[in-house]
J.: 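Below is one structure. I have some questions about it.
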2 protein chains.
Amino acid sequence: MNRIPLPSLRRLPRYLNVLENLQRQGRTTVSATDVADELDLKPIQIRKDMAFTGIVGKPKVGYDINELIDAIRTFIGWHDVTPCVLVGSGSLGTALLGYEGFAKRNLKIVAAFDIDSERYGRIIYGTPVFSMDKLAEVIERDNISMAIITVPTHAAQDVTNSLIAVGIAGIWNFSPTEIQVPPHVVVKRENLSEGLAVLFVKMRERQFRSPD
Amino acid sequence: MNRIPLPSLRRLPRYLNVLENLQRQGRTTVSATDVADELDLKPIQIRKDMAFTGIVGKPKVGYDINELIDAIRTFIGWHDVTPCVLVGSGSLGTALLGYEGFAKRNLKIVAAFDIDSERYGRIIYGTPVFSMDKLAEVIERDNISMAIITVPTHAAQDVTNSLIAVGIAGIWNFSPTEIQVPPHVVVKRENLSEGLAVLFVKMRERQFRSPD
DNA sequence: TAGATTGTTAATCGATTAACAATC
DNA sequence: TAGATTGTTAATCGATTAACAATC
């Protein structure tokens, strides 16, 4: 199977949400049309996307809902617990520490870090906050390969460098800065202003065009 | 000029960040190559994207940096102040109320709302929190057309319905739920699990492939 | 059995990249 | 002036959609 297209990959978690809702309602099978209706997409797109997870459906019946959920979770890597650290325990960092959705996806923030002595030593939503000089120790101890960055712009590159120095392989970057990393490190940007721009322009376009 | 492609639109705020940095350093002109190097993109893509904002550059010289910043900000709609409301003053809502980046883009959260009587009546980072039954009053008073939703999953659709009832045109949805809206309302989802899925799969792919 | 739904192969659509003439 | 950079037109690439045979 080929590498999954990025747009398809982004849709998988949405499918998962829909499927989990249906599962909770007691459904045992689901067709591409069922999912498509829920998300305003076309059934053919759902079938194509699902195929990347390796799931095989049954003509006339659809997909076994448990199998399908399992296939998506396995494909994304949400079946095993992934430990990670969070750097920057400000308001956004705190919000992420308290975000219940991560547990459902088996993401476990084992430790947070901050330079501010007012902040380290505390426990936020069950996660201990350490001073920055404990970073290497904790990451090595728990064999962590992923980090979340929620520090202010001016600190982002320094924090990134520290993380790279201790061997982090993936960074989820919530700071509104383009961090520079070597080619073997994966970065996912999460830049609020991108979403805001999309919303603004879509709203303007909606004003002047017929809604399709 | 045609409608801007979504990927191009998402890149504009990234260009803006780079340009503002260069402007702060005293630069007066910038070439597509300069921006491309900063973001690991190709110059031709930057030129194509910039053209959508209506900016015209000078061969050999590049773009006037002030003009270019202005063109992007005007195109997105970040030149005028946009007032909005935020519904759900939990940890994520609080983080957004404290996010300094919005001021730079002229987004002004004029009021927050919550059903919890422990929360309304307070002021968070300068923004007053009201009870939900004040929603219509505030939105009409300040002529608000945009809302941010940061409520838990189970409340998202109810809140959406209330917002639509009072005439909201655009919703920035941070709750991990697919909300249903009539066709004239624009929604921008901001679903953390999509980003997480992308990061996970990219990290796995990086392990098994040569880094290009 | 008949028809609904899958998965595959082909066609279309849209975004990115390349080529190059125009020009400050 | 010469060469670096723009903007346009064409080519390529990749994702979405359509068509349809296979089948539970």
Side-chain angles (χ1 to χ4, degrees), chain A residues 1-12 14-15 18-19 22 27-68 71-72 75 194 197-198 201-202 205 209 212, chain B residues 1-12 14-15 18-19 22 27-68 71-72 75 194 197-198 201-202 205 209 212:
Chain A
M1 179 64 66
N2 277 331
R3 196 203 215 95
I4 189 171
L6 202 63
S8 300
L9 174 53
R10 275 199 288 251
R11 283 188 293 267
L12 291 183
R14 303 178 64 194
Y15 300 160
V18 169
L19 295 170
L22 292 171
R27 286 278 292 275
T28 56
T29 61
V30 67
S31 74
T33 313
D34 296 333
V35 179
D37 288 346
E38 206 71 32
L39 298 174
D40 266 310
L41 299 173
K42 308 228 166 124
I44 175 63
Q45 190 168 52
I46 276 89
R47 292 210 301 279
K48 264 272 157 74
D49 290 346
M50 294 306 189
F52 283 101
T53 69
I55 188 82
V56 176
K58 288 195 188 66
K60 156 88 180 168
V61 178
Y63 303 90
D64 180 285
I65 207 166
N66 295 323
E67 264 182 37
L68 186 48
I72 296 176
F75 179 81
E194 291 178 34
V198 172
V201 172
K202 272 181 160 180
E205 284 174 349
R209 285 162 205 265
D212 303 328
Chain B
M1 180 65 65
N2 276 331
R3 198 203 214 95
I4 189 171
L6 202 63
S8 300
L9 175 53
R10 275 198 288 250
R11 284 189 293 266
L12 291 183
R14 303 178 62 194
Y15 301 159
V18 169
L19 296 170
L22 292 171
R27 286 279 293 274
T28 55
T29 61
V30 67
S31 74
T33 313
D34 295 333
V35 179
D37 287 346
E38 205 72 33
L39 298 174
D40 266 310
L41 300 173
K42 308 229 166 122
I44 175 63
Q45 190 168 52
I46 276 90
R47 293 209 301 279
K48 263 274 157 71
D49 290 346
M50 294 306 190
F52 283 101
T53 68
I55 188 81
V56 175
K58 288 194 187 69
K60 155 90 178 165
V61 178
Y63 302 91
D64 180 285
I65 208 167
N66 295 322
E67 265 183 36
L68 185 49
I72 296 176
F75 179 80
E194 291 178 35
V198 172
V201 172
K202 273 181 162 181
E205 284 174 348
R209 283 162 206 267
D212 302 328

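To find a chain, count down the sequence lines: A is the first, B the second, and so on, and within it residues start at 1. Predicted, not measured: the structure shown is a model, and the values here were computed from it.
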J.: State, yes or no, whether a side-chain contact exists between B:Glu38 and B:Tyr15 at a heavy-atom distance under 4.5 Å.
T.: no
J.: side-chain contact (heavy atoms from CB on, under 4.5 Å) with A:Asn66: which residues, sequence neighbours excluded?
T.: A:Gln23, A:Asp64
J.: Between B:Ile72 and B:Met50, is any pair of side-chain heavy atoms under 4.5 Å apart?
T.: yes
J.: Can you tell if the side chain of B:Leu12 reaches within under 4.5 Å of the side chain of B:Ile4, non-hydrogen atoms only?
T.: yes
J.: Reading DNA chain C from 5' onward, which residue's closest nucleotide shows up sooner: A:Gly62 or A:Lys48?
T.: A:Gly62
J.: Name the stems that DNA chain C belongs to, where each is three or more consecutive Watson-Crick or G-U pairs with both distances under 3.5 Å?
T.: C:3-24 with D:3-24
J.: Taking the side chain as everything from C-beta on, heavy atoms only, tell me whether A:Lys58 gets closer than 4.5 Å to A:Thr29.
T.: no
J.: Within the side chain of B:Asp34, is there an N or O that forms a donor-acceptor pair under 3.5 Å with the backbone of B:Ser31?
T.: yes
J.: Taking for each residue the nucleotide of DNA chain D with the nearest heavy atom, is it A:Pro59 or A:Ser8 whose nucleotide lies nearer the 5' end?
T.: A:Ser8
J.: Would you mind classifying the nucleic acid contact of B:Lys58 as base, sugar-phosphate or nothing, using non-hydrogen atoms under 4.0 angstrom?
T.: sugar-phosphate
J.: If each of A:Lys60 and A:Arg11 is mapped to the nucleotide of DNA chain D with the nearest heavy atom, which maps nearer the 5' terminus, i.e. the 5' end?
T.: A:Arg11
J.: Under a criterion of less than 4.0 angstrom to any heavy atom of chain B, what are the 5'-terminal and 3'-terminal contacting nucleotides of DNA chain D?
T.: D:dG3 to D:dA10
J.: Looking only at non-hydrogen atoms, find the nearest pair between B:Ser8 and B:Asp49 and report the distance.
T.: OG-OD1, 2.7 Å
J.: If we only count heavy atoms from C-beta on, is the B:Glu205 to B:Val201 side-chain gap below 4.5 Å?
T.: yes
